[in-house]
Participant: 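Here it is: the structure, laid out below.
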Amino acid sequence: MATLFSTHSSSQNILITFTIIFLASSLLPSYSAITETDQRRPFKKIYAFGDSFTDTGNTESLTGPNGFVRVSNPPYGTTFFHHPTNRYSDGRLVIDFVAQSLSLPFLPPYRNRKANRTYGVNFAVAGSTAINHAFFVKNNLSLDITPESIQTQMMWFAKYLESEGCKDPESDQCKEAFDDALFWVGEIGVNDYAYTIGSTVSGDTIRKLAINTFTEFLQGLLKKGAKYVVVEALPTTGCLPLAMTLAPSDDRDDIGCVKSVNNQSNAHNLVLQSKVSDLRQQFPQAIIVYADYWNAYRTVMQSPEKYGFKESLKACCGTGEPYNFEVFNTCGNPSVTACSNPAQYINWDGVHLTEAMYKVVADMFIDGNLCNPPFKTLLERKLRQP
């Protein structure tokens with residue numbers, strides 16, 4: 001997931017410029033009861049896509065986007081794995097909790113060719129965009145950005161299918177690859193806005209192009225045979241310490257976050273919801289779930305203490321006032337230390353979230369009411385299939 005934070009007020013347009021890429025369980029949720037009753041896993045494998053909020057290791061320090069280039073260094077991974085795993089957090093991500101809830105192991109990154117892919121693959125890449133990289137090159141906006149896009153991930157997925165012998169959709173190999181698979185499409189698109197900050201390319205243009213290419217990606221998955229798909233919305237990016245640090249103090253909304261940035265993400269999500277609705281009509285044989293990341297994050301921000309958080313705006317791993325974040329001195333630098341209690345923080349490094357926050361969001365998706373239709377509905381439909 002990447003960040004763009006451009007602020008728009010009624011009287012003026014304020015561009016917040018930055019060069020950082022917004023790269024973007026021990027206890028199983030209640031669905032373990034379903035698997036116990038059914039005596040089998042609802043899904044045999046998961047395929048994941050997205051950016052840094054979903055990336056479980058496709059990006060390393062040597063290949064990461066500008067800004068957060070030290071994901072291979074401590075204290076990343078300190079909470080659960082006790083060492084860096086190239087996840088942009090102190091521990092597990094939403095996709096990790098989803099896998100655990102389905103009694104599946106953590107997904108290996110696609111770039112780890114030696115990993116066991118029996119239970120699925122993660123194609124998400126930190127800094128990835130929805131729009132093809134060529135667009136940014138054409139518009140001279142490719143300053144040290146991650147070249148991978150959602151189209152890259154589709155190409156990787158096609159190569160993976162070929163390696164599994166899936167060439168004919170009617171073949172046994174393809175049926176095995178698709179019939180019992182959950183497709184988890186993490187949020188993606190914030191980087192697209194970030195790369196165009198300060199340029200002549202408008203936010204409206206980016207929204208249109210990003211959603212169109214993302215919709216084409218989803219159509220590609222569904223045409224290939226995906227039957228169970230979860231699509232994450234963009235989170236409330238205006239609540240991240242990076243946005244709070246760079247935005248003017250008068251650009252705030254009712255939960256104390258950057259109003260213009262949250263409005264931008266919300267506008268993107270409204271169009272995305274409409275596209276998901278259209279896809280349901282085009283592919284009635286599939287169940288497509290919209291995971292409302294925006295409202296999940298917002299709900300926590302409205303009552304952080306209810307979820308065990310004492311710090312809602314400061315980063316756990318960082319330095320500087322007032323949000324413990326500095327653009328050019330981020331987590332993973334030898335001089336930067338992490339807080340001793342990350343479970344009490346929503347944000348980990350100024351852009352990405354703590355394991356504790358990812359778990360809250362995952363629970364809202366899996367057990368709560370922040371999915372439409374509910375994730376439980378998807379599971380029940382899957383379990384009814386022969």
Side-chain angles (χ1 to χ4, degrees), residues 1 22-32 52-57 68 70-101 106 126 186-187 232 235-237 239-245 255-257 291 293 295-325 330-333 336-368 370:
M1 178 167 180
F22 174 51
L23 309 167
S25 196
S26 57
L27 294 177
L28 300 182
S30 63
Y31 289 106
S32 60
S52 60
F53 271 36
T54 309
D55 185 352
T56 57
F68 291 88
R70 295 175 175 83
V71 68
S72 300
N73 294 352
Y76 282 99
T78 186
T79 293
F80 180 79
F81 301 100
H82 307 300
H83 61 86
T85 63
N86 296 317
R87 286 170 171 79
Y88 289 82
S89 180
D90 60 309
R92 292 162 289 184
L93 314 178
V94 168
I95 188 61
D96 294 316
F97 290 111
V98 170
Q100 287 186 298
S101 77
F106 298 135
E187 67 83 22
E232 287 186 358
T236 51
T237 49
C239 295
L240 301 173
L242 172 61
M244 297 294 294
T245 297
I255 55 175
C257 300
Y293 217 134
N295 274 310
Y297 202 136
R298 179 179 171 82
T299 297
V300 177
M301 289 298 299
Q302 289 173 322
S303 303
E305 64 285 344
K306 177 181 176 181
Y307 300 93
F309 298 114
K310 294 184 178 180
E311 286 290 352
S312 58
L313 293 174
K314 287 186 177 181
C316 169
C317 183
T319 185
E321 295 295 335
Y323 302 110
N324 203 35
F325 177 79
T330 55
C331 188
N333 278 331
V336 176
T337 58
C339 64
S340 60
N341 52 346
Q344 296 180 4
Y345 283 68
I346 288 176
N347 194 275
W348 167 244
D349 61 7
V351 169
H352 309 97
L353 311 182
T354 59
E355 175 182 278
M357 180 59 170
Y358 282 130
K359 187 177 190 310
V360 169
V361 173
D363 287 345
M364 287 181 173
F365 291 162
I366 297 168
D367 290 325
L370 268 297

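Just so you know, these numbers use all the heavy atoms, side chains as well, and skip hydrogens, waters and symmetry mates. Since the structure is predicted, the reported quantities are computational estimates derived from the model, not experimental observations.
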Participant: Aromatic ring centroids of Phe106 and Phe81 under 6.0 Å?
Facilitator: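 Distance test on ring centres: under 6.0 Å, yes.
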
Participant: Please round to the nearest 0.5 Å and tell me the distance separating atom CG of Asp90 and atom SG of Cys316.
Facilitator: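 Between Asp90 CG and Cys316 SG, I get 6.5 Å after rounding to 0.5 Å.
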
Participant: Yes or no on side-chain contact (heavy atoms from CB on, under 4.5 Å) for Thr56 and Leu93, after CA distance, side-chain angles and deciding distance?
Facilitator: CA-CA 8 Å; Thr56 57; Leu93 314 178; 4.3 Å; yes

Participant: Is a side-chain N or O of Asp363 found less than 3.5 angstrom from the main chain of Val360, in a donor-acceptor match?
Facilitator: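 Flag not set: sc Asp363 to bb Val360 has no pair under 3.5 Å.
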
Participant: Step by step, work out the side-chain contact (heavy atoms from CB on, under 4.5 Å) result for Leu240 and Tyr297.
Facilitator: CA-CA 10 Å; Leu240 301 173; Tyr297 202 136; 3.6 Å; yes

Participant: For Val98 and Ser101, work out which heavy atoms get closest and say how close.
Facilitator: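 Closest pair (atom of Val98, atom of Ser101, distance): O-OG, 2.7 Å.
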
Participant: If I compare all heavy atoms of Leu313 with all of Cys257, which pair ends up nearest, and what's the gap?
Facilitator: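 Residues Leu313 and Cys257, closest heavy atoms: CD2-SG, 4.4 Å.
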
Participant: Between Thr236 (side chain only) and Cys239 (backbone N and O only), is there a donor and an acceptor less than 3.5 Å apart?
Facilitator: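 Not a single qualifying donor-acceptor pair exists.
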
Participant: How far does CZ of Phe97 sit from OH of Tyr358, to the nearest 0.5 angstrom?
Facilitator: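 These two atoms lie 10.5 Å from each other.
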
Participant: Just distance, no hydrogens or angles: give the donor-acceptor pairs under 3.5 Å from side chains in residues 339-347, sequence neighbours left out.
Facilitator:
unit_1: Asn341; atom_1: ND2; unit_2: Gln344; atom_2: OE1; d: 2.6
unit_1: Asn347; atom_1: OD1; unit_2: Asp349; atom_2: N; d: 3.2
unit_1: Asn347; atom_1: OD1; unit_2: Gly350; atom_2: N; d: 2.5
unit_1: Asn347; atom_1: ND2; unit_2: His352; atom_2: O; d: 3.2

Participant: For Tyr307 versus Thr299, what's the shortest heavy-atom pair and its separation?
Facilitator: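 Between these two residues, the closest heavy atoms are OH-CG2, 3.4 Å.
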
Participant: Scan for side-chain hydrogen bond (donor to acceptor under 3.5 Å, both in side chains) pairs involving residues 308-317, sequence neighbours excluded, and state none if there are none.
Facilitator: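 Qualifying pairs, neighbours excluded: none.
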
Participant: Are any of the side-chain heavy atoms of Val336 and Thr330 separated by less than 4.5 Å?
Facilitator: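 No. Closest side-chain heavy atoms not under 4.5 Å.
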
Participant: For Arg70 and Cys331, work out which heavy atoms get closest and say how close.
Facilitator: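 Nearest heavy atoms, Arg70 then Cys331: CB-O, 4.0 Å.
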
Participant: What pair of heavy atoms forms the shortest contact from Gly91 to Glu355, and how long is it?
Facilitator: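 In this case the closest contact between Gly91 and Glu355 is CA-OE1, 3.4 Å.
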
Participant: Which value, rounded to the nearest 0.5 Å, describes the distance between Leu370 atom CG and Phe365 atom CZ?
Facilitator: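 It comes to 6.5 Å.
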
Participant: Indicate the atoms forming the closest heavy-atom contact of Trp348 with Pro75, along with that distance.
Facilitator: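 The answer is CZ2-O, 3.5 Å.
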
Participant: OG1/Thr54 to CD/Glu232 distance, rounded to the nearest 0.5 angstrom?
Facilitator: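 If we round to the nearest 0.5 Å, Thr54:OG1 and Glu232:CD are 5.0 Å apart.
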
Participant: With sequence neighbours excluded, tell me which residues meet side-chain hydrogen bond (donor to acceptor under 3.5 Å, both in side chains) with Thr78.
Facilitator: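 In terms of side-chain hydrogen bond (donor to acceptor under 3.5 Å, both in side chains), with neighbours along the sequence ignored, Thr78 is linked to no residue.
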
Participant: If you measure from CD1 on Ile95 to CZ on Phe53, what distance do you get to the nearest 0.5 Å?
Facilitator: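 If I round to the nearest 0.5 Å, the distance is 14.5 Å.
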
Participant: Between Ser89 and Arg87, is any side-chain donor less than 3.5 angstrom from a side-chain acceptor?
Facilitator: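 Distance-only check fails for Ser89 and Arg87.
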
